[in-house]
Structure formats: C-alpha cells, structure tokens
Amino acid sequence: MVTYVVASKAHQPYLSECQILGEYLNKNAPDVSVQFVIKDSSEWKEFLNSVCRSYGFEKKSCPIIYTLEGSLIGSGADFVEHVRERYDK
C-alpha cells in the first residue's frame, strides 16, 4: 500500500486538482491512501523545511507531494502526471 501526502498552503495552483485526484484514489484504489496537509501561509516555510529535512528532499514546491515511504513525487503538476502514468486516470 502506498500513502501519498499532499501538503500545501491554501489556494495554490494544482491544489484543487490534487484534492480531486486524491479523493478519487481514496475511493477507487484500495491499495492507495492520500492524506492532505494544508498549512497557513505563516506556517508553510517552516513546515516545508521540516519535511524536506526529514526526508532528505532537495526540491521544494507548493504543493509538495511525497509518500510516507520517502519518495518525492514533486509538485502538483508532477502528481497529476504520476497518477495518470501509474493509475491510468
């Protein structure tokens, strides 16, 4: 089972697409879980730095999508492409 984390500040480009895809995967792909972490702008930089430091990610984006297993998917656009390629959605 893979767990994706979609983390972002509110009102960011691709966030709504990521949420729609994530909800679809949660309902229709039993081996996939998608969690969402939405931070206030005042908390974002510290949160992003903490995530990147914890997982060893060098690339930073908003939103940032990664797996709990430690794989960086990337930005919202990267997640949309990843889901299309991996799940043919």
Side-chain angles (χ1 to χ4, degrees):
M1 177 169 186
V2 63
T3 299
Y4 295 103
V5 178
V6 176
S8 181
K9 294 185 281 187
H11 311 296
Q12 292 297 303
Y14 278 102
L15 179 57
S16 61
E17 287 183 65
C18 292
Q19 288 175 313
I20 291 166
L21 277 174
E23 290 169 8
Y24 178 86
L25 290 173
N26 280 337
K27 289 179 185 175
N28 296 291
D31 61 332
V32 176
S33 173
V34 182
Q35 299 175 358
F36 299 93
V37 179
I38 309 299
K39 294 289 184 180
D40 184 75
S41 293
S42 64
E43 303 171 299
W44 177 249
K45 186 175 180 180
E46 184 179 333
F47 173 80
L48 180 61
N49 287 336
S50 174
V51 166
C52 290
R53 192 171 41 253
S54 295
Y55 285 96
F57 302 151
E58 292 183 18
K59 181 182 174 187
K60 296 179 181 180
S61 62
C62 185
I64 187 168
I65 296 87
Y66 57 96
T67 67
L68 289 181
E69 296 76 23
S71 295
L72 177 64
I73 304 303
S75 67
D78 296 330
F79 181 61
V80 170
E81 185 63 27
H82 175 80
V83 169
R84 284 186 182 139
E85 290 175 2
R86 184 160 183 182
Y87 305 102
D88 195 32
K89 301 296 175 215

Hydrophobic cluster membership, with links at side-chain heavy-atom distances under 4.5 Å among I/L/V/M/F/W/Y: are Leu68 and Phe79 in one?
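No, because Leu68 and Phe79 fall into different hydrophobic clusters, even though each may have its own neighbours under 4.5 Å.
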Look at the aromatic rings of Tyr55 and Tyr66 and report parallel, tilted or perpendicular, splitting at 30° and 60°.
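Taking Tyr66 first and then Tyr55, their aromatic rings sit tilted (interplane angle of 30° to 60°).
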Quick one: sort the Trp44 and Phe47 rings into parallel, tilted or perpendicular, breaks at 30° and 60°.
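Ring orientation of Trp44 relative to Phe47: tilted.
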Look up atom [atom1] in [X] and atom [atom2] in [Y], then write down how far apart they are to the nearest 0.5 Å.
X     : Y     : atom1 : atom2 : answer
Ser41 : Gln12 : OG    : CD    : 7.0 Å
Cys18 : Glu23 : SG    : CD    : 11.5 Å
Cys52 : Glu58 : SG    : CD    : 9.5 Å
Lys9  : Glu43 : NZ    : CD    : 12.0 Å
Leu21 : Tyr87 : CG    : OH    : 11.0 Å

From CA spacing to verdict: side chain to side chain contact (heavy atoms under 4.5 Å, CB included), Met1, Val32
CA-CA 6 Å; Met1 177 169 186; Val32 176; over 6 Å; no
Using modelled atom types and a 3.5 Å cut-off, is there a donor and acceptor pairing between side-chain atoms of Ser54 and backbone atoms of Ser50?
yes
Any side-chain heavy-atom pair from [X] and [Y] closer than 4.5 angstrom?
X     : Y     : value
Leu72 : Lys59 : yes
Ile65 : Pro63 : yes
Asn49 : Lys60 : yes
Ser33 : Val2  : no
Asn26 : Tyr24 : no
Asp78 : Ser75 : yes

Would you say that more than 12 heavy atoms from the other residues, nucleotides or ligands in this model lie under 6.0 Å from the CD of Glu46, or not?
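Atom CD in Glu46 is not crowded, with 12 or fewer foreign heavy atoms closer than 6.0 Å.
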Closest non-hydrogen atom pair between Ala10 and Leu15, with its separation:
CA-CD2, 4.2 Å
Under 3.5 Å, is there a donor-acceptor pair linking the side chains of Tyr4 and His82?
yes
Using the side-chain contact (heavy atoms from CB on, under 4.5 Å) definition, which of the options Ile73, Val6, Leu48, Val5 pairs with Ile64?
Leu48
